[in-house]
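Reading through the structure tokens given below for one structure.
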Amino acid sequence: MTRYNAKETEAKWQRIWSDQSVFEVTEDPSRPKYYVLEMFPYPSGRIHMGHVRNYTMGDVVARYKRAQGFNVLHPMGWDSFGLPAENAAFENKVHPAKWTRENVAVMRDQLKSMGLSLDWSRELSTCEPDYYAHEQKMFIDFYKKGLAYRGESWVNWDPVEDTVLANEQVIDGRGWRSGAEVEKKLLHQWFLKITDYADELLEGIESLERWPDKVRLMQTNWINRSEGAKILFDINGRDDKLEVFTTRPDTLFGASFCALSPNHPLSQELAEGNADLADFLVECAKLGTSEAALEKAEKLGFDTGLTVAHPFRPGHELPIYVANFVLMEYGAGAIFGCPGHDQRDLEFARKYGLDVIPVVCPPKEDPATYAIGDEAYTGDGAMINSAFLDGLDVPSAIRAAIDRLIEMGAGEGTVNYRLRDWGVSRQRYWGCPVPMIHCADCGTVPVPEADLPVALPEDVTFDKPGNPLDHHPTWKHVDCPVCGKPAQRETDTFDTFIDSAWYFIRFCSLSPNSAFDRAAAEYWMPVDQYIGGVEHAVLHLLYARFFTRALRDCGYLDVAEPFEGLFTQGMVCHETYQTPDGGWVFPSDVIDGDDGSRVERESRQPIKVGRSEKMSKSRRNVVDPELILDTYGADAGRLFMMSDSPPERDLEWTEAGIEGAWRYLNRVWRLITEAPMAPQGTPAPEALDDAAVAVLRTVHQTIAAVTEGLERFRFNRSVAHVRELTNALADYKDAGPTHDYVRRFALETVVQLIGPMMPHIAEELWQTLGYETLLADAPWPKADPAYLVDETVTIAVQIKGKLRGTIEMPRDADKAAVEEMALALDAVQRVTEGNPPQRVIVVPNKIVNVVV
RNA sequence: GCGGGCGUGGCGGAAUUGGUAGACGCGGCAGACUUAAAAUCUGUUUUCCGUUAGGAAGUGUGGGUUCAAGUCCCGCCGCCCGCACCA
């Protein structure tokens, strides 16, 4: 029995593909193009199973489309700027550039050993000046077009480290390393005007037919266009007005307070003369800037003592609170609270003893007695307690309220978006420098194009708190490009989401002097199939959609939607293992003990097996892909990735699963290498026996099923169908020329069908079958429709929906004949006892349901 | 808290999208080969009752629509993802 040598074979074919530049492509207008892209990795050190899953899926699609005759672009690169490199610098005293480039080198080798059909000549890395130079030019173009501006926003500030903290670095209101209580600080920051594109991005979602509905919905909700009203309240005893945004101006008569964000200028102003309020604002600041943290926190308010005049109720006053749940970034940073018809307002009102006035009466309630209990009523109904609005339904009342506000000059109808402008400044070292210069006389001016790129200096130190760019002795000191006087570079760098907002266009051509060659970009774009995790459903994908449009409007290319097809894959999970004292244990350190229970390899401590969770370093439930590639080879790993779980769902990595995949590889290997077969090119026999026809039927049905599976991203079903075919072929043991011929045809088909998933063994078997050309260049098999439908069908017979038996009938048999056969069944006779059935439902070729 | 998703045998999952629930794989059990083991092969495997024939229950949970519900509708429970400075 020959055993398949994965290691040798995989190296062999990887070398051949590389030597022959099989997957390097150029624009070819005579052929249909197909651009397959997986979200490029952050070079964190080594590839993980999530990468293996992601890149296997993309490779299956790329190889399949290639076999179908498409000119397939399938590139790879590195999202190589970002926080982890700076953390590594801090922890291991290694320079981010060195750390990053070494990681890239390791991961490139690892990816190469997966046998991916990548065009490596297009590799890019966002941390290199030949990439980010173009990004700086784009930013300046955006700036000139009014799409980039300098504004202010609040950040998490660690007063000990003297630095801005990412949300993930804030743990329970404290800096993760310093342990200091986080403060909020208002900083000057650069912004991109994504809000200018809110409507276009919203409308564009309609056209994204090959995106998952859930992602389209999430983006729609993220942008959250809402029509409502802006209301200007007169503040008693002051000259200025308080502006609030509401989607429910109809409920204005039910208002019992106004609330300001702690970051609202008025809150800040009042705190100056009110120590208690100032303390309250400090408390609010400890929550950090994450919306989730704010929303989860207990709702607290502080009565400022100020009041506003109710616009519709002369003489009526509403107190102004500062409330920790009001977001400065949304609407006007201030709200009016109507406790009767908003749950959060209701809880707030109950807590602070404010009025709860119902103004919308639900249809089944009596307006005279209707009162709000524990739940605010948010549905439609007739207005009550609302003077001129009484009796109207909600939509009419909204219009009437806005009309009156306009009449009074106290407000207007307005559209608001939850989407905010994209803050792109980061006070960090390892990112693309913002190409701007601050001059005392000329203000903020862009770096002249001739001086680009503004290279990130690598001679920096990380021994001081704060931003290394700021400490660098010379880097930030430049002459103003306008007046020539000494000026200072912007020391902020870009959000790494900018790097990933256009890399897919750069892949179209690594043009040295421009971001990309326009013709090449317009040939390859849009990406036909983009694949990555759902965690990017909103931010990355929305930024990329915006950035592409902004580039379009700056004349770079004529593309609006970058990703025509999107697939979001699930995560890779694994069981978790813990010692009795709660320490996490790597799966590779867990072995079977003498009594069959699990123990730790070294200490022999018993292991508690926990449920399967997303693989993560902190829980140590990780399996190193390299170990799998070494032990079983890339094909087995790839097959397992595609086998059991549907790609959009989480996959549970198991040792048994990978072994099963490895066994299957060897089964196919033996099936082809160990039995008689007609020589290549043997003509088809003139007559086929029943067994041969049955096999051919299975072959063609499998081609159809596998193809459909690949088209619809149901890889696990494709795998199951190929396995069924190999099972059938293992049982096909007739002797003679007909058998040998049919067998060869069937096995060639198997090799072609497994090609996209297990490319190495498939190439090797293709060669074994006598082919001198590459399977990678062979066309995809086509199913013969003549073999796709069976002549007879099995029809289920039910009595009142319960299965009582089946009948075999010719396909498309006459309804009456089917009914007669069904009623003649013993099981049916027993129940009907000769009485005519009440009703018989016949679904052709499927089912007969007898109702008695 | 808000937004989105998922839930089917011991396990991963399949079910032509309202029409025979459990394809395919893993694991288990029994057997063949072997001095033995591994590997491989054959059979079996939703649960319960029954020697068989056969019957009953069954897709997180409670209702509903339908001749027919894993699939559609309403309520609940559990888990996962995102929430703008992680990528």
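Computed over heavy atoms, backbone and side chain alike; hydrogens, waters and symmetry mates excluded. Proteins get letters first, then strands, A, B, ... in listed order; numbering begins at 1 in each.
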*Remember a base hit wins even if backbone is also touched, and classify Val843(A) as base, sugar-phosphate or nothing at under 4.0 Å, heavy atoms.*
base
*Measure from the side-chain heavy atoms of Leu539(A) and tell me the nearest of C67(B), U17(B), A87(B).*
A87(B)
*Roughly how many Å is it from CG in Leu541(A) to P in G82(B), rounded to a whole number?*
14 Å
_Is the phosphate of G4(B) approached by Asn221(A) (side-chain N or O, under 4.0 Å from OP1 or OP2)?_
yes
*Atom-to-atom span, CE of Met571(A) to C1' of G82(B) - whole angstrom*: 12 Å
_Using a 4.0 Å heavy-atom cut-off, does His536(A) contact any base of the nucleic acid, only the sugar-phosphate backbone, or nothing at all?_
base
_With a 4.0 Å limit, can you tell me whether Arg426(A) has a side-chain N or O closer than that to the phosphate oxygens OP1/OP2 of C85(B)?_
yes
_Please give the distance between the C1' atoms of C24(B) and G13(B) as a whole number of Å._
9 Å
*Report which part of the nucleic acid Val850(A) touches: base, sugar-phosphate, or nothing (heavy-atom distance under 4.0 Å, all strands).*
nothing
*Any side-chain N or O of Arg663(A) under 4.0 Å from OP1/OP2 of G27(B)?*
yes
_Base-pairing mate for U52(B) - Watson-Crick or G-U, with both contacts under 3.5 Å_ = none
*Scan Leu419(A) against the nucleic acid and name what it touches under 4.0 Å (heavy atoms): base, sugar-phosphate only, or nothing.*
base
*Give one of base, sugar-phosphate or nothing for Gly657(A), where a contact means two heavy atoms less than 4.0 Å apart.*
nothing
*Any sub-3.5 Å donor-acceptor pair from Lys351(A)'s side-chain atoms to Lys299(A)'s backbone N or O?*
yes
*Counting N and O atoms only, with roles assigned by atom type, does the side chain of Ser643(A) sit under 3.5 Å from a partner on the main chain of Asn716(A), one being a donor and the other an acceptor?*
no
*asked:* Mind checking if Lys299(A) touches a base, just sugar-phosphate, or nothing, with heavy atoms under 4.0 Å?
replied: nothing
*Where the side chain of Arg670(A) is concerned, which of C81(B), C85(B), U40(B) is the nearest nucleotide?*
U40(B)
*Is there a donor N/O on one and an acceptor N/O on the other, under 3.5 Å, for the side chain of Arg428(A) and the base of C85(B)?*
yes
*Gln798(A) or Thr289(A), whichever maps to the more 5' nucleotide of RNA chain B*: Gln798(A)
*asked:* Hydrogens and angles aside, do Asp421(A) and Thr195(A) bring a side-chain donor and acceptor to less than 3.5 Å of each other?
replied: yes
*Classify the nucleic acid contact of Asp650(A) as base, sugar-phosphate or nothing, counting any heavy atom under 4.0 Å across all strands shown.*
sugar-phosphate
*Residue Glu535(A), side-chain atoms from C-beta onward, closest of C83(B), A56(B), C81(B)*: C81(B)
_Using the side-chain heavy atoms of Asn156(A), tell me which of these nucleotides is nearest: C85(B), G55(B), G1(B)._
C85(B)
*Scan Ser643(A) against the nucleic acid and name what it touches under 4.0 Å (heavy atoms): base, sugar-phosphate only, or nothing.*
nothing
_Nearest to the side chain of Glu168(A), heavy atoms from C-beta on, is which of A14(B), C24(B), C86(B)?_
C86(B)
*Could you check which nucleotide pairs with G1(B) in any of the strands shown, counting Watson-Crick or G-U wobble with both distances under 3.5 Å?*
C83(B)
_With a 4.0 Å limit, can you tell me whether Arg839(A) has a side-chain N or O closer than that to the phosphate oxygens OP1/OP2 of C67(B)?_
yes
_Comparing Met218(A) and Pro41(A) on RNA chain B - which has the more 5′ nearest nucleotide_ = Met218(A)
*Among G13(B), C24(B), G1(B), the nucleotide that comes nearest once only the side chain of Ser645(A) is considered*: G13(B)
_Base partner of C29(B), which must satisfy Watson-Crick or wobble distances under 3.5 Å_ = G43(B)
*When we call it a touch if two heavy atoms are under 4.0 Å apart, what does Trp222(A) touch: a base, just sugar-phosphate, or nothing?*
base
*Within the structure shown, what part of the strands sits under 4.0 Å from Ala537(A) by heavy-atom distance: base, sugar-phosphate, or nothing?*
nothing
*Side chain of Arg649(A): nearest nucleotide among C26(B), C86(B), G13(B)?*
G13(B)
*Check the pair Phe640(A) / Trp653(A) against ring pair (Phe, Tyr, Trp, His ring centres under 6.0 Å), numbers first and verdict last.*
CA-CA 9 Å; Phe640(A) 179 53; Trp653(A) 183 272; 4.8 Å; yes
*For Asp158(A) and Val182(A), indicate whether the former's side chain and the latter's backbone hold a donor-acceptor pair under 3.5 Å.*
no
*asked:* Using modelled atom types and a 3.5 Å cut-off, is there a donor and acceptor pairing between side-chain atoms of His721(A) and backbone atoms of Arg717(A)?
replied: yes
*Considering only side-chain heavy atoms of Leu803(A), which listed nucleotide, U17(B), C67(B), A21(B), is closest?*
A21(B)
*asked:* Students often get this wrong, so: under 4.0 angstrom with heavy atoms, is Gln427(A) touching a base, only sugar-phosphate, or nothing?
replied: base
*Base, sugar-phosphate alone, or nothing: which one does Asn849(A) contact when heavy atoms must sit under 4.0 Å apart?*
base
*Quick one: label Ser425(A) by what it contacts on the DNA or RNA (base, sugar-phosphate, nothing), any heavy atom closer than 4.0 Å.*
base
*For Phe497(A), answer base if it contacts any base atom (sugar-phosphate contacts may also be present), sugar-phosphate if it contacts only those atoms, and nothing otherwise; contact means non-hydrogen atoms under 4.0 Å.*
base
